[in-house]
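Contents: one structure, followed by commentary.
Reckoned from all heavy atoms, side chains included, excluding hydrogens, waters and symmetry mates. Per chain, numbering begins at 1; letters A, B, ... match sequence-line order.
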Amino acid sequence: MNAAAGATPGVRFHAGTPIKIAILAMGGQGGGVLADWVVDMAEHAGWWAQTTSVPGVAQRTGATVYYVELLPEGAVQAAGRPPALAMMPTPGDVDVVLAAELMEGGRAIQRGFVTPERTTLITSSHRSYAVAEKAAHGNGIADSNAVLEAGSEAARRFICLDLQAMAEEAGSVISASLFGALAGSEAIPFVRDDFEQTVRRAGLGVEASLGAFASAFEAARAAPHAPPRLESERSTPEVPLQASHPRVQALLDDLRQNFPQQAQSMMVAGLRRTLAFQDLRYAQEYMEHMHALRDLDARFGGAPKHWALTVAAARYVAVAMAYDDVIRVADLKTRGSRFERVREETRAESAQIVYATEYMHPRLEEVCGAMPARLGRAIENSAFMQRMLSPLFRKGRYVKSGSLRGFLLLYCLAGMRRFRRGTLRHQVEQRSLRQWLEQIYDTVHHDYDLAVELVNCRRLVKGYSDTHERGASKYQRLGLAASHLLGQPDAAAQLKALREAALADSKGEKLDQMMAQALSSAST
Amino acid sequence: MAERSFKKEVQQLRIGAGQEFRGEGILAVTKGLLQSGVGYVAGYQGSPISHLMDVLADAQDILEELDVHFEASASEATAAATLAASVMYPIRGAVTWKSTVGTNVASDALANLASGGVTGGALIVVGEDYGEGSSIMQERTHAFAMKSQIWLLDPRPNLESMVKAVEDGFQLSEASNTPVMLQLRIRSCHVHGRFIARDNRRPAMTLSQALAQPVRDTSRIVLPPASFLHEHEKVESRWPAAVDYIRSNGLNEVFDGDEQSLGLILQGGLYNGVIRALQLLGLADTFGNSRIPLYVMNVTYPVVDEEIRDFCRNRKAVLLLEEGQPDYIAQNLHSILRQAGSDTTLHGKDMLPMAGEYTTAVMRDGIQKFLAAHAPALLQRVAEAPAPPNLRETVVARDKGDAPPPSVVPRKPPEMVAASLAGVVPPRPPGFCTGCPERPVFAALTLAQEKLGEHHIACDIGCHLFSILPPFNLGATTMGYGLGASSAAAFNVPSSKRPISIMGDGGFWHNGLASGIGNAVFNKYDGVIIIVDNYYSAATGGQDILSSRASNRHRSTNNPIETAVRGVGVKWVRTLDRTYDVAKARNTIEEALTTAEKGPKVIIAQSECMLNRQRREKPLFRQAVKGGKRVVRQRFGVDPDVCSGDHACIRLSGCPSLTIKDSGDPLKEDPIAYVDNTCVGCGNCGEVADAAVLCPSFYRADVIHNPSRWDQWKAGMRRRVIGYLQARRQAQLNEYAL
C-alpha cells in the first residue's frame with residue numbers, strides 16, 4: 001500500500017502488507033499446531049511471521065481463533081524496523097480463513113472475517129455437533145446448506161471439503177489435511193515442498209500427516225468454484241417387484257395396486273418392520289389397518305391433499321405395531337449382521353477378537369410385560385409381589401453377548417416371539433393402537449388436517465422405560481388436546497404447535513403451559 | 001506433569017548475547033528474567049500465564065545451574081508474600097499469576113509489600129485475562145496498582161519490548177524501592193515473535209547467602225508508626241524517583257508523525273492494534289510509521305505529568321486509547337492538562353466505548369470519529385486502504401469530495417450474509433472433554449435431584465464449572481477459586497433441603513480447606529460439599545498439586561484430600577474412587593442429602609483427568625500392541641436399530657464422542673445417538689444408561705489385540721455355536737423377506 005510518501009517529509013511509508021490468516025477451530029483440534037506450522041514454514045522461506053491465540057478455557061472443546069500474519073523478510077529489511085503486526089483478525093481484513101469444522105466456517109462468516117474481495121475460505125465440510133444440537137428432543141441439527149450458501153456469497157473463493165475424513169483415512173488429524181488444503185488452494189505464495197518440509201521438520205507422525213496433506217492438496221486443487229449443496233433429503237426404500245415368498249408377494253402386489261404412489265415406499269418399510277418384528281400374519285394386519293386408513297383417506301378428500309393421512313399413517317402404524325420390547329431388543333442384539341457391525345464400528349482388524357457387553361436394565365415392568373397377560377397383570381397388581389420382586393431389578397444386567405451363556409440367554413429371549421401375542425405388553429400396545437386409530441377415525445370426519453396431525457403425534461412415543469413413559473404421557477396429552485381442539489378453525493396448526501412444544505423439554509412443561517392456553521381459549 | 005511440555009523450547013533459554021530468540025511471549029519473558037539476574041521466581045498457574053509456570057517447571061535444571069530458586073506457590077497470596085525476600089535483601093524476585101483474580105487473592109500481601117517497599121527488584125508478572133477468550137470477571141489490574149502504589153508496565157506487544165520491560169521493571173523497582181507489575185495481555189503471552197538475546201546473569205546475592213547473614217529493619221515493617229511514614233515515603237520519595245527513572249530512561253515512547261496538530265495517547269499493549277487501525281484508515285504503514293504522532297505509555301502507572309504536558313503542547317486535540325473501565329488514565333490526564341491550563345482537547349471514552357475489548361475494529365472506528373471531528377481531510381486516504389467496503393462507503397459518502405466512488409459489489413453485503421447465519425451457527429462454549437471423570441459426577445447429581453428435587457448448588461472455579469452449561473445446567477453461583485463451600489455458608493439454617501456445594505482439588509488446596517471445609521466444621525454447617533479430585537490442577541493445564549498421584553522430583557505429592565478433611569474435623573466423609581460408577585455416586589449424594597448425621601457431609605469424587613490419563617497411557621498401549629502383548633481396548637457403541645432417537649442419554653452426558661447421526665431408517669425421523677471413534681471407553685454413557693434406566697442401546701466393545709491361543713480357541717468355539725444359531729434365525733427371516 002501507500003508506498004509513496006505524502007506531502008510532508010516527516011513520515012515515509014514503506015511497502016509491505018502482511019498476509020493475514022485466521023484459523024477457527026474447536027479446542028483439541030490442533031489449531032495451534034496448524035498455526036505453528038504456517039509460522040515455521042514462513043520463517044524457513046525467509047518471511048517474518050507472527051501468530052497469536054487465546055487458548056484459555058476455550059481449549060476444552062470450545063470454539064477458538066488462532067491468527068497468523070506473514071510478511072516478506074525483504075520488506076522488513078527495506079523498512080529498517082520490525083513490523084507492528086496485529087494481534088487479532090479484523091473483520092473485512094483477512095486473506096485466508098481456515099475452519100476445522102463447517103459451523104466454525106459459518107462462525108468466521110458471522111464474525112465478518114470472510115469478504116468477497118479478499119478472502120479464501122477453506123473449511124472442512126464435516127460436522128461436529130454442538131451440545132445444543134445433540135440434546136434436542138427431536139432433530140436439532142443446524143442447516144449446513146445455510147453455511148454453504150453464505151460461504152459462496154461471502155468468500156472470494158470457497159473451498160469446502162471433508163477434511164476430517166481425509167485425515168482419518170490417512171490415520172492423521174485434521175490439522176494435516178487443512179494444511180494440505182491451504183497448499184492446494186494456492187492462496188499463499190509457498191510451494192508444496194515448503195509445506196511438506198514443514199511437516200517433516202515437526203517430526204511426529206510424519207508419514208500419516210503427509211498422507212492426509214496429499215489427499216487434501218489434490219482435493220483442494222480440484223475443488224469446484226462453489227461447493228455443491230448437501231443433499232439433505234433422506235432416501236426412502238424402493239418398492240421391489242419381487243418378494244421371496246408367494247404370500248409376501250401377495251402383500252406386495254396389494255400394496256402396488258391398491259395404495260397411492262406417495263405412500264408405497266414408506267409402506268414397504270412398514271411391511272419389512274412388521275415382518276421382522278413378528279410374522280407374516282402381523283404384516284397382514286398392518287395391511288389391513290392401512291386399507292382401512294386409505295379408504296378413510298379417500299372418503300374425506302385425501303386425493304387432492306396428496307394422501308397425507310395414508311402417508312403419515314404408513315410410518316406410524318408400523319412404528320406403533322413394532323414397539324420396542326425385550327424380545328425385539330434381544331433379537332436385534334443377537335443378529336449376525338449386528339456382530340459384524342460392532343466389528344466395523346470398533347475398526348477391529350481381522351486378527352483381533354471383539355466382544356460386546358450389553359448394558360441392559362430391565363425393570364419389573366418390562367419383565368411383567370413379557371409375561372402372559374394374566375400373570376403379568378397379577379404381579380403388577382400385587383403389592384406383595386412387587387415388594388418381593390423389585391429388588392431383583394434394581395441393578396442393571398451387563399450381558400456378554402459374545403459368550404455362550406450371554407448369547408443363549410438373549411437368543412432364547414428373542415425366540416419368545418412366538419408367544420408375543422399373549423404377553424401383557426402386546427395387549428397394552430394393541431389397546432393403545434386401537435384407541436389411536438379410533439380417534440383418527442372420529443377426527444377425520446370433522447377435520448382432515450387435524451387427523452393428519454394426530455397421526456404425527458405418534459412421533460413422541462419412543463424410547464424405553466422412563467423415557468418411554470414420558471413420551472407416552474406427552475402423546476396422551478396431545479390426544480386429549482386434539483379432542484378439545486376439534487371444531488376450531490385452526491385446530492391442526494394448534495396441534496402442530498403443541499407437538500413442537502412437547503419436544504422442548506423432557507417433562508413436557510412447555511407443552512402443559514401451551515395446552516393450558518390453547519384449551520382455555522378453546523372452551524370460551 | 002503439565003498438559004504442555006516445554007522441554008524442547010526451554011533450551012533456548014541458554015542462548016547468549018547476540019543470538020536470536022524465536023518463540024512464544026511467555027518464554028521470552030522467562031529469558032528476560034534470567035538476563036536480569038533474578039534470584040527467585042514463584043507463582044500460581046492460570047491462563048494466560050499457565051505456560052509461564054510450565055516453562056519454569058520444565059526449566060528447573062537451567063534455573064538451578066544459575067542459582068535461581070523456583071517455587072510453584074500454593075496460591076497467589078503465597079506467591080506475593082514470597083516477594084518478602086526482596087524487602088531486606090538486594091535480591092531480585094519475580095512472581096506471576098492470572099489477573100485480576102490472582103491479584104485479588106494476592107492483594108493483602110501486595111499491600112504490605114508496597115507499604116514497606118523493597119530493596120531488591122520485585123517484579124509481578126500478571127497475565128491479564130481480559131477480552132475474547134477470557135474466563136473471568138472483566139476488571140482492571142490498574143486499580144490495584146493505584147491503590148497500593150505499585151508501578152504498572154504495559155509494554156508494546158512484541159518480544160523485544162516485553163523483554164526490555166522485564167529488565168526495566170527490575171531497575172525501576174530498585175530505583176524507587178517499589179514493587180513493579182508487568183501486565184501482559186492474553187495474546188501477548190502467546191504471541192510468537194523474535195528478539196536478540198543477552199547473556200543470562202547469576203543473582204548478585206543468592207537466597208542462601210541472605211539466610212546466612214540475616215538483616216532486619218523495623219522501619220520496613222507495616223506497624224505504626226512506620227506505616228504512617230511509608231505513606232509519606234511513597235509520595236515524597238518513591239514516586240519522584242520512579243518518575244525520574246522513567247523519564248531519564250525513556251520507558252515511554254513518542255513516535256512522531258506529520259499531523260502535528262493531533263496526537264494519540266495509548267497504553268503500550270494496544271500499540272499493534274492502533275497501528276493496524278491507522279493502517280486501515282490509510283494513515284500508517286506496517287512498520288509503525290504513522291501520520292498522527294503517538295505517545296505510547298509502556299508505563300501506565302504512574303503517569304508522567306511532564307511527558308503528557310510536553311506531548312499535548314501545541315496540539316489541537318488528542319485521543320486517548322485506554323482499554324477497560326473505569327477510565328483511570330483519562331481522569332488523570334484531564335487533571336494534568338487542567339492544572340497546566342492546557343487548551344488541548346482530550347478525547348477518550350467519548351469516542352470509544354467505555355467497556356469491552358478494544359479490538360482493531362473498535363479502535364479504527366474511534367480514531368475515525370476523532371479524525372472526522374478534527375481533520376476530516378485525512379480520511380480521504382481511507383478509500384485506498386485495505387478496509388472493508390462498508391467503511392469505505394460511509395467515509396466516501398460523507399466527504400462528498402473528489403474521492404472515487406465505492407466499487408460496486410454484485411453480491412450481498414457481508415453484514416447481510418453474516419446475518420443469514422444468525423440462529424444457524426450454534427454456540428460452542430467450552431465443556432467437559434471426552435471421558436472426563438467429572439461428567440458422571442454431574443450426571444449422578446442430576447439423577448439425585450430428579451428423585452429429591454432441585455437443590456441450591458454453589459459452584460467453584462475449575463473445569464467442574466462447566467456443569468452450569470448445557471446439558472447439565474447445574475449451579476447457581478460461583479464466587480472464586482476454592483470458595484465453593486464458603487459461598488454456601490449463609491445457608492447454614494434448618495430447611496427441608498440441604499445446600500450442595502462443589503469444589504475442585506485445585507481450589508481445595510488453593511484455600512478451600514481452610515475457608516470452606518474448616519469454616520463448615522467450625523460453624524457446624526449441615527450441607528453437602530462435593531470435592532472433585534481429578535489428580536491435577538486440571539483447568540489450568542494439568543499441573544501437580546499436593547494430592548496429585550504422580551511422583552514429582554521437585555515436589556511432595558500423594559497427600560490425600562481425605563486425610564486433610566478429616567484432619568480439620570469432618571466426620572462424615574465418603575470417598576468415591578471411581579466416579580464413573582454413576583449409580584454409586586448418585587446413592588452417595590442421596591445419602592448425604594438425607595442422612596440424620598449433623599455437620600458437613602463431604603464427598604470426595606476421584607478419578608484421573610482423562611486428558612492427562614490418555615497422554616500417559618496411550619503411548620504405553622501402542623507400545624504394548626507393537627510388542628505383541630495381549631491388551632484389551634475398550635470403547636462404547638450404540639445399536640442404531642435399538643436406539644429410538646430420544647437423546648436422553650446425551651442430556652445426561654454432553655460427551656463430545658457421544659454424538660448423533662441419521663438413523664438410516666425411513667421409519668425413524670429423528671437422528672439417533674452414535675459413539676464416534678474418539679471414544680476412550682470411560683464407561684460413562686453405559687453407566688448413565690443403567691443408573692437412569694434409559695435404554696438397552698449401549699454396548700461396550702472389548703477389542704482384544706494380540707489374542708492368546710486360549711483366546712483364539714475360545715473365540716473359535718463360540719463362533720461355531722453362535723454362528724450356527726445366527727444362520728438359523730437369519731434363514732427364518734429370509735423366508736419371508738421383502
Side-chain angles (χ1 to χ4, degrees), chain A residues 8 10-11 13-14 16 51-54 56-57 60-63 79 81 83-84 86-87 90 92 103 106-107 110 129-132 134-135 138-139 142 146 150 153-154 236 243-245 248 269 272 329 332 336 345-346 348 353-361 396 407 462-465 467, chain B residues 47 133 135 186-187 190-192 257-258 272 275-276 285-289 360-361 388 411-412 417-418 420-421 424-426 428-431 470-471 637 641-642 644 646 648 650-651 654 659-660 666-667 670 686 689-690 693 695-696 698-704 707 715 722 726 736-738:
Chain A
T8 325
V11 171
F13 282 178
H14 289 274
T51 168
T52 60
S53 59
V54 282
V57 290
R60 310 275 181 249
T61 72
R81 61 191 277 194
M87 310 292 279
T90 304
M103 285 298 147
R107 205 180 306 283
Q110 239 182 345
Y129 300 115
V131 171
K134 298 195 290 186
N139 185 354
E153 286 284 345
T236 47
S244 57
H245 193 279
V248 181
R272 282 179 182 153
V329 170
L332 294 174
E345 275 202 8
T346 52
I353 299 172
V354 181
Y355 290 117
T357 302
E358 317 299 339
Y359 277 58
M360 320 274 257
H361 193 158
F407 181 83
K462 58 182 174 181
Y464 302 79
S465 308
T467 320
Chain B
S47 170
S135 57
I186 193 160
R187 289 184 178 81
H190 302 297
V191 70
H192 170 98
D258 37 36
N272 287 26
I275 292 300
R276 178 55 50 82
D285 68 6
T286 308
F287 305 93
N289 298 304
T360 311
R411 305 196 248 192
K412 273 193 222 162
V417 176
S420 74
L421 292 178
V424 174
V425 177
R428 209 186 297 270
D641 38 13
V642 181
S644 65
D646 171 74
I650 289 167
R651 290 189 289 278
T659 179
I660 47 176
L667 298 177
D670 295 325
D690 171 21
V693 201
C695 81
F698 283 98
Y699 65 85
R700 189 190 74 217
D702 296 0
V703 183
I704 306 174
I722 292 175
Q726 281 175 336
Y736 293 105
L738 178 65

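Annotation: maximal heavy-atom pairing with chain B below 4.5 Å, among A:Arg81, A:Gln110, A:Met360, occurs at A:Arg81. Note on A:Thr357, A:Thr467, A:Val354: by heavy-atom pairs under 4.5 Å with chain B, the leading option is A:Thr357. Each of A:Thr52, A:Thr236, A:Val329, A:Thr51 has some count of heavy-atom pairs under 4.5 Å with chain B, and the biggest count is that of A:Thr51. Highest contact tally toward chain A, considering only B:Ala737, B:Ala648, B:Pro471, is held by B:Ala737 [criterion: heavy-atom pairs under 4.5 Å]. Between chain A and the options B:Ile722, B:Ile650, B:Ile275, heavy-atom pairs under 4.5 Å are most frequent for B:Ile722. The candidate from B:Gln726, B:His192, B:Arg428 with the greatest count of non-hydrogen atom pairs under 4.5 Å with chain A is B:Arg428. Of the residues considered (B:Cys695, B:Gly257, B:Pro426), B:Pro426 shows the highest number of contacts with chain A, using heavy-atom pairs under 4.5 Å.
Here B:Arg651 contributes atom CZ and A:Lys134 contributes atom NZ; the two are 12.5 Å apart, rounded to the nearest 0.5 Å. Rounding to the nearest 0.5 Å places OH of A:Tyr359 at 8.0 Å from CG of B:Asp690.
A:Ala146 is linked by a side chain to side chain contact (heavy atoms under 4.5 Å, CB included) to A:Asp143, B:Leu421, B:Val424, counting only residues two or more places apart in sequence or in another chain. A search for side chain to side chain contact (heavy atoms under 4.5 Å, CB included) contacts involving A:Lys462 returns B:Ser644, B:Asp646, B:Asp670, not counting sequence neighbours.
The two residues B:Leu738 and A:Ala243 make their nearest non-hydrogen contact at CD1-CB, 3.9 Å. Counting all heavy atoms, side chain and backbone alike, B:Val703 lies closest to A:Ala348 at CG1-CB, 4.1 Å. Closest heavy-atom contact between A:Met87 and B:Arg187: O-CD, 2.9 Å. Closest of all the heavy-atom pairs between B:Val693 and A:Ser465 is O-CB, 3.2 Å. Contact record, A:Ile353 with B:Pro707: CD1-CB, 3.5 Å, taken as the closest heavy-atom pair. Nearest heavy-atom pair, A:Tyr129 versus B:Thr659, reported as atom, atom and distance to 0.1 Å: CD1-OG1, 3.2 Å.
Using a 4.5 Å cut-off between heavy atoms, B:Pro429 contacts chain A through its backbone alone, with no side-chain atom that close. Residue contact with chain B, scored on non-hydrogen atoms closer than 4.5 Å, involves the backbone and the side chain of A:Tyr355 alike. Contact of A:Thr90 with chain B is made through the side chain alone, with heavy-atom distances under 4.5 Å. Proximity to chain B is absent for every atom of A:Ala132, based on heavy atoms less than 4.5 angstrom apart. Contacts of B:Ala715 with chain A are made by both backbone and side-chain atoms, with heavy-atom separations under 4.5 Å. The part of B:Arg276 that comes within reach of chain A is its side chain, from C-beta onward, which places non-hydrogen atoms under 4.5 angstrom from that chain. Both the backbone and the side chain of B:Ile704 come within less than 4.5 Å of a heavy atom of chain A.
Looking at heavy atoms from C-beta onward, B:Pro696 lies out of side-chain contact with A:Glu358 at the 4.5 angstrom threshold. Within the 4.5 Å cutoff, side-chain heavy atoms of B:Val425 are placed close to those of A:Met103.
B:Thr286 places no side-chain N or O within donor-acceptor distance of the main-chain N or O of A:Pro83, the cut-off being under 3.5 Å.
The aromatic rings of B:Tyr736 and A:His245 sit tilted relative to each other, their planes meeting at an angle between 30° and 60°.
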